[in-house]
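All chains are named by letter (A, B, ...) in the order of the sequence lines, taking the proteins before the strands, and each is independently numbered beginning at 1.
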There are 2 protein chains.
Amino acid sequence: MPTIAIEDYLKCIYLEEQQGKKGLVPTGQIATALSVAPGTATAMVKTLSDSGLVHYEPYSGVQLSEAGRKLAVHVLRRHRLVELFLVQVIGMDWSEVHEDADRLEHAVSDRLIARIDEMLGHPTLDPHGDPIPTASGVVAESNHPNLVNCDLERPHQIARITDQAAEFLRLVERHGLRPGNRLSVLSRDEHADAVRLLSKDAGEVSLGFRAASKILVQPL
Amino acid sequence: MPTIAIEDYLKCIYLEEQQGKKGLVPTGQIATALSVAPGTATAMVKTLSDSGLVHYEPYSGVQLSEAGRKLAVHVLRRHRLVELFLVQVIGMDWSEVHEDADRLEHAVSDRLIARIDEMLGHPTLDPHGDPIPTASGVVAESNHPNLVNCDLERPHQIARITDQAAEFLRLVERHGLRPGNRLSVLSRDEHADAVRLLSKDAGEVSLGFRAASKILVQPL
DNA sequence: TTTGATTTTTTGATTACTCAAAATTATGAA
DNA sequence: TTCATAATTTTGAGTAATCAAAAAATCAAA
Ligand SMILES: [Mn+2]
Ligand SMILES: [Mn+2]
Ligand SMILES: [Mn+2]
Ligand SMILES: [Mn+2]
């Protein structure tokens, strides 16, 4: 049985692989993402490599093996189903479920997760718009534009928020930018690093490019 | 923050203190209850003692300190609320929630447990009839008779099952002896180690004294 | 009260995870 | 190409939890 730490590392590597362009995830990136010392990540990566869960190229980085990917996706499934459960059944706010899910993902049994999946009607998206992997490990791919590269002055619906940090989600929530809400991008100014939006919910809002790129949308 | 192991030891000591008559719980009893080697329990007991969570008398045993009791009761509250939640909201069977609760009790946040408590209407008993400690740490005491010492040929209602072992609960369930059900004790034979019952649900049943003593009842 | 059995503690190790700081390797600008 | 900088790995160490087996203490008969 994988330990909690191993599950967290695998999930982290999976997520870094997704957004990063190159094939290999450097150990330093893992260390930063998990808030551990660089040497700690290196040590764990060796353990994972010895267990056949990653392919490790010293001084380059790691890549999940097939076994590692399977495990990571399973953890991610539990995480996202738990998040949705906390929102829909428990009534927690979508912007504050991540921390709880990060602990519960290691404690829920297969039996329990199957019941939750059933209760929620086999959902495909979590409260942040992230895809929920299927029980067999399939993750739906999607390529929504974000607020930096989508069309200007065109109605869009928020599809996904790709940053789970509580502070960021609270900001997003404060500006009425929760998934499902409608908006259009009024203008962008690269020099000022500003994206001006018109949100159906909260009126005019201005975001930096960094923040704007984390909000994925779907044209209507 | 206490580790998962420490929470499990404290909960265990609390439970052993409840049923055992003497004041001190021997380390060997803890080791047996938690399925660890005797030396492991001794080592942990010293750690707990150093943290001021128990009073430790070498070669005699331990007793929870006030701080230890408070923590233990908190864990127990989480455990029992989670059990009831799994039965009432998730729809799991009362005889199979213990294992899940034993892991979830370390992963649910105060926020989440407060919501669960609210959803369930501030319940006082878990699915096994065990009292749920209040948020402030008060545990309702009750002294129900059991099937060994209750009146003969008198209608009773099952109040509590004081053994969480899955095999035992499945047996109890199979004989229709779930909390709330009605029965009367027909006869007892000490030499044959047999207690004969008439259950409203499952007709005539025979139990050994050991098993019968774990089923607490309330005269009607 | 002696002694044999039982219980508990001690000892010596192991696994898992972590850090700080030193050593090494890679990278990119001059 | 060379060298300073940055990233990575190695080293040495510590905490937490565990076990097997030896040693010590307690208990219960005889
Ligand atoms: Mn986690
Ligand atoms: Mn999510
Ligand atoms: Mn537990
Ligand atoms: Mn219970």
Side-chain angles (χ1 to χ4, degrees), chain A residues 1-13 16-17 20-64 67-68 71-72 75 102-103 105-107, chain B residues 1-13 16-17 20-64 67-68 71-72 75 102-103 105-107:
Chain A
M1 237 10 46
T3 64
I4 291 177
I6 286 179
E7 290 190 341
D8 279 336
Y9 275 89
L10 290 176
K11 190 183 66 169
C12 169
I13 294 168
E16 298 297 328
E17 271 185 2
K21 34 242 55 207
K22 321 135 217 153
L24 294 183
V25 179
T27 56
Q29 194 174 323
I30 297 169
T32 303
L34 293 178
S35 303
V36 295
T40 304
T42 300
M44 179 56 94
V45 146
K46 280 188 194 161
T47 304
L48 296 177
S49 180
D50 291 345
S51 310
L53 296 169
V54 301
H55 302 298
Y56 172 42
E57 203 64 58
Y59 292 101
S60 296
V62 291
Q63 190 175 10
L64 289 177
L71 252 169
V75 178
D102 241 343
R103 269 171 296 108
E105 69 192 358
H106 314 288
Chain B
M1 237 10 46
T3 64
I4 291 177
I6 284 179
E7 290 190 340
D8 278 336
Y9 275 89
L10 290 176
K11 191 184 66 168
C12 169
I13 293 168
E16 298 297 327
E17 272 185 2
K21 34 243 50 206
K22 322 137 215 154
L24 295 181
V25 179
T27 57
Q29 194 174 324
I30 299 169
T32 303
L34 293 177
S35 303
V36 296
T40 304
T42 300
M44 179 56 93
V45 147
K46 280 189 195 160
T47 304
L48 297 177
S49 179
D50 291 346
S51 309
L53 296 169
V54 301
H55 303 298
Y56 172 43
E57 202 66 56
Y59 291 101
S60 296
V62 292
Q63 189 173 11
L64 289 178
L71 253 169
V75 178
D102 242 342
R103 268 172 295 107
E105 68 191 357
H106 313 288

Hey, can you pull the residues of residues 35-51 of chain B with a non-hydrogen atom under 4.0 angstrom from DNA chain C?
Pro38(B), Gly39(B), Thr42(B), Lys46(B)
Does the Glu7(B) side chain pair with the main chain of Val75(B), one donor and one acceptor, at a distance under 3.5 Å?
no
Determine the minimum heavy-atom distance between Pro38(A) and Ala31(A), stating which atoms define it.
CA-CB, 3.8 Å
To the nearest Å, give me how far apart CD (Glu7(B)) and P (dA17(D)) are.
11 Å
Would you compute the distance between atom OG1 of Thr47(A) and atom OH of Tyr56(A) and round it to the nearest 0.5 angstrom?
11.0 Å
Rounded to whole angstroms, how far apart are OH on Tyr56(B) and P on dT7(C)?
16 Å
Figure out the OH/C1' separation between Tyr59(A) and dT24(C), and round it to whole Å.
5 Å
Please state how far atom CD in Gln29(B) lies from atom P in dT8(C), giving the value in whole angstrom units.
9 Å
Minimum-distance nucleotide (side-chain atoms of Thr3(A) versus dT9(C), dT8(D), dC17(C)):
dC17(C)
Tell me the interatomic distance from Ile6(B), atom CD1, to dA16(D), atom P, rounded to whole angstroms.
8 Å
Rounded distance (Å) that lies between atom P of dT7(C) and atom CD1 of Ile30(B)
15 Å
Grab the CD-C1' distance between Glu57(A) and dA7(D) for me, whole Å please.
16 Å
Return the minimal non-hydrogen interatomic distance between Leu64(B) and Leu10(B), and the atom names on each side.
CD2-CD2, 3.7 Å
Provide the Watson-Crick or G-U wobble partner of dA30(D), both distances under 3.5 Å; none if there is no partner.
dT1(C)
Whole-Å distance, Ile4(A) CD1 to dA17(D) C1', equals 14 Å
With distance as the sole test, does Ser49(B) use its side chain to make a donor-acceptor pair with the main-chain N or O of Val45(B) at under 3.5 Å?
no
Interatomic spacing from CG in Leu53(A) to CD1 in Ile13(A) - rounded to 0.5 Å
9.0 Å
